[in-house]
Amino acid sequence: MSILPESERPNPYSAYGAHGSVLVLNSGSSSLKYQLVNPVGGEAIASGVVERIGESSSPVKHSYGGNTTRREETVADHGEALRLALGLFAELGPDLERASVHAVGHRVVHGGSVFSAPVLVDDDVVRKIRDLSPLAPLHNPANATGIEVARELMGDVPHVAVFDTAFFQALPEHAYTYALDRAVAEEHGVRRYGFHGTSHQYVVGKVARVLGRRVQDLNQIVLHLGNGASASAVAGGVPVETSMGLTPLEGLVMGTRTGDIDPAVVFHLSRNAGMSIDEIDDLFNKRSGVKGLAGENDFREVRRLAEGEDPEAAKAARLALDVYEHRLRKYIGAYHAVLGRVDVLAFTAGVGENDAAVRAEVLDGLEPLGLSVDPDRNAGRSDEPRIISPSWTSTLVMVVPTNEELAIARQCIEVVDGLPA
């Protein structure tokens, strides 16, 4: 199977041709990222970020037309951050009025069981996003604040909320249900929600288009490997398993998160180390994973340490990589069993797209499952989707760059114009 040339790929977004652009906003707990996107061609027209909101100094970056401007500002809150971003568009370009902004898309981390698809924002939607804050206390309040400020400043265009968890609302009940007392689980919303759904959904659709296949005919495993990492099993375009759970902590080993761990470790650290719940939360989410094992969570630095002359640092770094890759192999094998047949395994996100060594080491020894990488293909670099498996494998192994901003922009257009997904 080969990748179709761009001119031969079906373009389900050609109906967007009459539209201008979509402004995609990602309001984090202390940052605002933004990107102006052409939903037809897929290019980012302009992008930027305001970091460390609320601190004494906030780094600001705005990129447009091949030029990147960096500044240091004092930004008290998300309202000031968005006003600053809009001012940068006016000062440095492009002019948003001339860019014909058709909609504003907001990334929202947690939609709970309430939101299974993107929605047009109104006051009730904002209230429900805030009500879901106990499930994502660091993210949903900031997401809601960003929406409120943007609606105030850009009230003349529709606003759409796109949820990280929405794609995985289609999980079968047996896959999202934890074996916890049912009454407790239902009262407190404890179930598997899954995250990175916008990325997983985008990659699944992209694979089908570049191969010239119907998404309904493909079984895929997607490995979204960044500082946060997640895996999904998708049968015919419908997710049947994913690694993240109630929160993004569960699943794969990540940059600073433990991933899967015996829940009794919480009891053990509380009783024997005297650690509070907040301290354990901080330990599991911010001081564990690859960083907890190797002291670094940048994979380039971890690899350098593993190959370095300091024996203790090299041993720790090599162990971190081995633990990371072992967990990945476990999930690949498990998802192969869940799907029964795997047509494509796709690597995406920062580590998945850029670390050839991780890809090769993860799949080493999985030839009996029809999985392998061709060394030359794997070593190549490209911004385009590509096949890296040898011709004899029964499963295509691909590297597929993700584009969550483009996915959000296109979902916004679907909501605003009622176009089919």
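No hydrogens, no waters, no symmetry mates; every other heavy atom, side chains included, goes into these values.
Checked for salt-bridge contact, R303 and D298 miss the test: no charged N lies under 4.0 Å from a carboxylate O. Using a 4.0 Å cut-off between charged side-chain N and carboxylate O, R127 and D124 make a salt bridge. Taking 4.0 Å as the cut-off between side-chain N and carboxylate O, K33 and E405 do not count as a salt-bridged pair. A salt bridge links R318 and E325; the closest N-O separation between the charged side-chain nitrogens and carboxylate oxygens is under 4.0 Å. Looking at K206 and E404, no side-chain N of the basic residue comes within less than 4.0 Å of a carboxylate O on the acidic one, giving no salt bridge. Checked for salt-bridge contact, E80 and R83 miss the test: no charged N lies under 4.0 Å from a carboxylate O. A salt bridge does not link K61 to E73: none of the charged nitrogens lies less than 4.0 Å from a carboxylate oxygen.
Residues F195 and H110 place their aromatic rings such that the two centres sit under 6.0 Å apart. Checked against the 6.0 Å centroid criterion, the rings of Y176 and F168 do not qualify as a close aromatic pair.
Judged by distance alone, the side chains of D374 and N378 never bring a donor and an acceptor atom under 3.5 Å apart.
Checking side-chain atoms of R386 against main-chain N and O of G380 turns up a donor-acceptor pair under 3.5 Å. Judged purely by atom type and a 3.5 angstrom limit, S58 uses its side chain to pair as donor or acceptor with the backbone of R52. Distance alone, capped at 3.5 Å, is enough to place a donor-acceptor pair between the S288 side chain and the L283 backbone. For the pair S276 (side chain) and E279 (backbone), a donor-acceptor distance under 3.5 Å is present.
The side chain to side chain contact (heavy atoms under 4.5 Å, CB included) test with V203 is passed by exactly one of V222, V344, N403: V222. The only option from S199, S243, S232 that meets the side-chain hydrogen bond (donor to acceptor under 3.5 Å, both in side chains) definition with H224 turns out to be S199.
For the pair L396 and L211, the minimum side-chain heavy-atom distance is below 4.5 Å. Put simply, the side chain of L363 reaches to within 4.5 Å of the side chain of V397, judged on heavy atoms.
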Practice task
Check step by step if side-chain hydrogen bond (donor to acceptor under 3.5 Å, both in side chains) holds for D417 and H102.
Solution key: CA-CA 10 Å; D417 287 7; H102 193 69; 3.3 Å; yes
Exercise for the section: Apply side-chain hydrogen bond (donor to acceptor under 3.5 Å, both in side chains) to H196 and S230, showing your working. Expected result: CA-CA 7 Å; H196 296 147; S230 59; 2.7 Å; yes
Problem - Test log, rule side-chain hydrogen bond (donor to acceptor under 3.5 Å, both in side chains), inputs T145 and R130 - result: CA-CA 9 Å; T145 297; R130 287 202 179 277; 3.1 Å; yes
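One distance of note links CD1 of I147 with CZ of R107; it measures 12.5 Å at 0.5 Å rounding.
Across every non-hydrogen atom of V104 and L25, the tightest pair is CG1-CD1, 3.8 Å. Residue I332 comes nearest to L223 through the heavy atom pair CD1-CD1, 4.0 Å, listed as atom of the first residue, atom of the second, then distance.
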